[in-house]
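Just so it is clear, the structure is predicted and the values come from calculations on it, not from any experiment. We use all heavy atoms of the structure for the numbers below, so side chains are in, but hydrogens, waters and symmetry mates are not.
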Amino acid sequence: MTELPKAYDFKEYEEGIYQEWEQKGYFKPTNDPNSSGHDPSVEPFVIVIPPPNVTGALHLGHPMFVTTEDIMVRYHRMKGEPTLWVPGTDHAGTATQLQVEKKLQSEGTSREEVGREAFEKRVWEWKEKYGGEITSQLRRLGASCDWSRERFTLDDGLSKAVREAFVQLYEKGLVYQGPRMINWSPGLQTAVSDLEVEYSEEEGKLYYFKYVLADGSGEYLPVATTRPETIPGDTGVAVHPEDERYSKFVGKEVLVPVLGRKIRVVADEYVTREFGTGALKITPGHDPHDYEIGERHHLELINIMNKNATLNENTGPYAGMDRFKARKQIWADMQEAGLVLKEEPYLMKVPRSQRGGEIIEPLVSSQWFIKMDSLAAKAAEAVRQGEITFVPERFTKVFLNWMENIQDWCISRQLWWGHRIPVWYCDECHETIVSREDPSSCPKCGSTALRQDPDVLDTWFSSGLWPFSVFGWPENTPDFQYFYPTSVMETGYDIIFFWVARMVMDGLEFTGKVPFHTVYLHGMIRDDKGQKMSKTKNNVIDPLVLMDEYGTDALRFTLVVGSSPGNDQNVGVKKVEANRNFANKVWNIGRFVISAINRIEEPALESIQWTLADSWIWARTRQTVNAVNDLFENYQFGEAGRQVYEFLWNDFADWYLEASKRQLAEGANRAARTATLLANVLDLMLRLLHPFTPFVTEALWGYLKAACQENGLVYKPIEGWEEHLIVGRWPERMPHEAWETDAIKDFELVQEIVRSIRNLRSEYKIEPNKSLEALFVSESRADFVEKNKHLLVDLAGLDEQSLTVHTTKPETEGLTALVVEDIEIFLSMTADGDDQADRERLEKELAEAESQIARLEKLLASPFAQKAPAQVVEAEREKLAGYKSSAEKLRERLG
RNA sequence: GGGCGGUUAGCUCAGUUGGUUAGAGCGUUGCGUUGACAUCGCAAAGGUCGUAGGUUCGAGUCCUAUACCACCCA
């Protein structure tokens, strides 16, 4: 006999349950392709995890995606499919390198000082030390992934995949080396891709100044710029070809302020005549648009910037000066020289690094790029052909739009932590060697004086290969053959370009297949006021704290229920608390059911008739099972969870458990039958709920199973008890049966009567434990009331002895009346019943009924009656009939 | 400039083939410790579903326009 504590204590269970699951091997897929007896024809369900940063800290986004993926995985596992969730972590080049650099800084040294080799060693040490933290937190979240297949993007196997991919692209001519205009991050001292630059609108100034003609005429061309520090790099001034104001200047030369260099005035349609002065200074070395204009007009390209964002020797007196100081200094010098016209406030778009927020400098540099158009065309076509479905659907358009306007991808990074670019240069003959294996000598001249390219690849390069590199690609492993392509890619919409797009392109390019058939995109987590969580706003909620306080299940349920795919979600502690309460509610439902089972002493006979409450709860159970199945198939996990919640709390606990108490008290067959049904419904609901709240359901289900088995008289699942709920069979759809409709309708009438009586009790402030004398009158429903009077007695607090049911009205003097449809209910309230108040209440009810009658009569007289489906019309007719009989009884009562 | 999402109760949000009295949690008010649960129960107050049109027998849900907020792309 199990005696459960009054409250669910998650701390007692979570860790042990997870260990048990893992130890029993439930996280590993059945039908393993590496084992004998593998059947390749059985389709597996496969998810690869979006690998968290190896040294990253857990934030609410993690529990969010872990829960969503775990729900899918547990659902498919319970359906009996071979199910695999591959875990792993990402080396996260920049993020990790920065952390270690910070550490070095605190030790009073730097990566430059320790040198590349030692630095890399330090990062690996760091990874070993902290890399396990994030995965242990994933475990704590209940992630049922196969840890024996855990991968890290810098593993040997994955590094091999990276090399293979790079070399293949190179051989196909899809990888090429700059120089090109790139985004330079001065703080990180590396190039970054377009995606890593964010543009923020900021208050700046528009500086107006004179470009004086070189011919000595004293005439000048007025020019406006937001970045005076780039003036030393100007190699032209452009005006619109049809701009009459400036046509006379085209072809002439003007003098660069301070430096006095002569540059040409050109005509180009890119220039917007309305902006600024209509004349645009051209700095081909430091602006992407100017770069293009410069190319069109064969303007010289001058680099004026050092890698640390100070100006270089090409800027004369400003050499060595920081870019922002130079901006001021140049302007001051020009002012002195009388070249300044004016300055005005201007809202400018400032390019900032996605990481760290420093201002990015566009400059020309030699970097490695991937040519994207052919890759993107294939990916876009696959999506158009429906080979990949997005959930929610709207992201299809976002994806395609990006693919159709794609730019080449700068993949080299001047970092030390990452996949080294597999390119070597021969010092002797200057041959470039791109190779899968480290070359020992130059294939052209035989020299051994080889230098490997110092750069590493953008982190996202390896991420793009993740769905197949985790299975051993380029080797044709059993895992790769069986588990690839994967089923669903679940990730945040913020990395649709960074990651999803690249996986699709890479998958098609390297494996000839789309890497997954469905992309499920979740929204972002915000605080309870809808603001992004950030340390500076001090509104960060630590998931670990939430788990400590409320349990993992509560956190999981919160992050999935009450949200919908692709939409951002505001999370507050209150919600988690409410869901902790839900876990406790489930627990207590379980305690009740188990104690009921334990008291059963004789088996239920099949012949015993079900009560109305039995039929109703079973009908609702079937409805809920079906609805949850529908919702799961459509990735509507939030709504599915909500329906189980509502069923358990509002139907099962609030009504059926209460109704079952008398049935259990009857003993014998009735009690056994009731306990069986309680167990059956709870078993099914724990199964439906398990993907959401795996711990409390597993714990409770274990006790339920034990109670049923120990007792042996009651419920047993169709296919017997599984070892653990995690591998329990998922409840399948049950066809609708005719009796369900009436059962639900009838019980709802009971509920309405009970609510009316409770309402009245509340109005009269009758103590909850005081039984009321009641008298029911109904011509058509007398039998119904008689049959279900126990329900009414128990749920509404009536006095059983004095309760009477009549078909015609007896003397009711001194009793308070209630009307529900054509059932009149007379109750003995307080001795000194207030007739006047009673009358008012009944009048109010009558008025309400009459207004409903008027509304429905009008509706039914309208074209609605002819045009709407018969079923819908009939439902309205029934309502009208109900109100009519109520009104009639009320009028009688009021005299 | 283009695109996308949102606007529903005091607050935070659900509401997916349009079905006629719009739901939850939290908060608020009143009552309450009936052996599953005070991490609870019963009852109540609270919404012309951003605005204006349209389609339809019927619109929170579909269409058009518009306002505001947020995000993405340029």
**Quiz item: cation-pi between A/R620 and A/W655, 6.0 Å / 45°** = no
**Request:** Decide if the gap between the ring center of A/Y550 and the ring center of A/F582 is smaller than 6.0 angstrom.
**Result:** no
**Asked** Roughly, in whole Å, what's the span from CE in A/M403 to P in B/rG3?
**Response** 21 Å
**Prompt:** Given the C1' atoms of B/rU28 and B/rA45, what is the spacing between them in whole Å?
**Reply:** 8 Å
**Message:** For A/D683 and A/Y715: C-alpha separation, side-chain torsions, deciding distance, then whether side-chain hydrogen bond (donor to acceptor under 3.5 Å, both in side chains) applies.
**Reply:** CA-CA 9 Å; A/D683 175 46; A/Y715 169 75; 2.5 Å; yes
**Message:** Does A/N567 reach a base, just sugar-phosphate, or nothing at all? Heavy atoms under 4.0 Å.
**Reply:** sugar-phosphate
**Prompt:** In the strands shown, is B/rU64 matched to any nucleotide by a Watson-Crick or G-U wobble pair with both distances under 3.5 Å, and which?
**Reply:** B/rA52
**Message:** Just the rounded figure in Å: distance from P of B/rG23 to CD of A/E639.
**Reply:** 14 Å
**Message:** Measuring only the C1' atom in each nucleotide, how far is B/rU64 from B/rA59? A whole number of Å is fine.
**Reply:** 15 Å
**Message:** My understanding is that a pair needs two contacts under 3.5 Å, Watson-Crick or G-U wobble. By that rule, which nucleotide pairs with B/rC31?
**Reply:** B/rG41
**Item:** Residue mapping more 5' on RNA chain B - nearest nucleotide basis, A/R642 or A/F652
**Value:** A/R642
**Item:** B/rG2 and B/rA65, which share atom name P, separated by this distance in whole Å
**Value:** 12 Å
**Asked** Going by atom types only, do A/S564 and A/N567 share a side-chain donor-acceptor pair under 3.5 Å?
**Response** yes
**Fill in**
To the nearest angstrom, the CD-C1' distance between A/E292 and B/rA74 comes to 13 Å
**A/I525 CD1 - B/rU12 P separation (whole Å)** = 16 Å
**Asked** For atom C1', what is the distance between B/rG23 and B/rC49, given to the nearest Å?
**Response** 12 Å
**Message:** Go nucleotide by nucleotide along RNA chain B from the 5' end; which of A/E848 and A/L657 gets its closest nucleotide reached first?
**Reply:** A/E848
**Request:** Measure from the ring center of A/Y493 to the ring center of A/H522 and say whether it is less than 6.0 Å.
**Result:** no
**Request:** Figure out the CD/C1' separation between A/Q569 and B/rG25, and round it to whole Å.
**Result:** 13 Å
**Message:** Between P on B/rA24 and CG on A/D651, what's the gap in Å once rounded to a whole number?
**Reply:** 12 Å
**Item:** Spacing of the C1' atoms in B/rG5 and B/rC73 (rounded, Å)
**Value:** 14 Å
**Asked** To the side chain of A/Y493, which of B/rG19, B/rC71, B/rA36 is closest?
**Response** B/rC71
**Item:** Separation of the C1' atoms in B/rG10 and B/rU51, to the nearest angstrom
**Value:** 22 Å
**Message:** Can you measure A/L195 atom CG to B/rA74 atom C1' for me and round it to whole angstrom units?
**Reply:** 13 Å
**Message:** Quick check for you: to the nearest 0.5 Å, what is the distance between A/R761 atom CZ and A/T816 atom OG1?
**Reply:** 12.5 Å
**Message:** It should be established whether A/K574 places a side-chain nitrogen or oxygen under 4.0 Å from OP1 or OP2 of nucleotide B/rC26.
**Reply:** no
**Asked** How is A/E874 classified with respect to the nucleic acid when contacts are heavy atoms under 4.0 Å: base, sugar-phosphate, or nothing?
**Response** nothing
**Prompt:** When rounded to the nearest 0.5 angstrom, what is the spacing between OG1 in A/T68 and CE in A/M64?
**Reply:** 4.5 Å
**ring-ring contact (aromatic ring centres under 6.0 Å, His included) partners for A/F695, two or more places apart** = A/W21
**Prompt:** For the pair made of CD1 in A/I406 and P in B/rA74, what is the distance, rounded to whole Å?
**Reply:** 11 Å
**Request:** Could you check A/H790 against A/Q663 for side-chain contact (heavy atoms from CB on, under 4.5 Å), going step by step and ending with a plain yes or no?
**Result:** CA-CA 10 Å; A/H790 290 323; A/Q663 298 181 194; over 6 Å; no
**Request:** Look at the side-chain N and O atoms of A/K661 and state whether any lies under 4.0 Å from the OP1 or OP2 oxygen of B/rG35.
**Result:** no
**Request:** Give a yes or no on whether the backbone of A/L795 and the side-chain of A/R758 come within a donor-acceptor separation of less than 3.5 Å.
**Result:** yes
**Asked** Do A/Q643 and B/rA24 have a side chain to base donor-acceptor pair shorter than 3.5 Å?
**Response** no
**Message:** Using a heavy-atom cut-off of 4.0 Å across all strands, would you classify A/Y645 as base, sugar-phosphate, or nothing?
**Reply:** sugar-phosphate
**Prompt:** If you measure from the P atom in B/rG50 to the same atom in B/rC11, how many Å do you get, rounded?
**Reply:** 14 Å
**Message:** What's A/A653 touching, base or sugar-phosphate or nothing? Going by heavy atoms closer than 4.0 Å.
**Reply:** base
**Asked** What one-letter contact string describes nucleotides 38-45 of chain B from 5' to 3', where B marks a base within less than 4.0 Å of any protein heavy atom, S marks contact via sugar-phosphate atoms alone, and - marks no contact?
**Response** SBSSSSS-
**Item:** Distance, P atom - from B/rG30 to B/rG35, rounded to whole angstrom
**Value:** 25 Å
**Request:** Pick base, sugar-phosphate or nothing for A/S564, based on heavy-atom distances below 4.0 Å to the nucleic acid.
**Result:** sugar-phosphate
**Asked** What does A/K349 touch in the nucleic acid at a heavy-atom separation under 4.0 angstrom: a base, only the sugar-phosphate, or nothing?
**Response** base
**Request:** Identify whether any heavy atom of A/V398 sits under 4.0 Å from a base atom; if not, whether one sits that close to sugar-phosphate; answer base, sugar-phosphate or nothing.
**Result:** nothing
**Prompt:** How would you label the contact of A/R761 with the nucleic acid (heavy atoms, under 4.0 Å): base, sugar-phosphate, or nothing?
**Reply:** nothing
**Message:** Heavy atoms from C-beta onward define the side chain here; which of B/rG19, B/rC37, B/rG35 lies closest to that of A/P869?
**Reply:** B/rG19
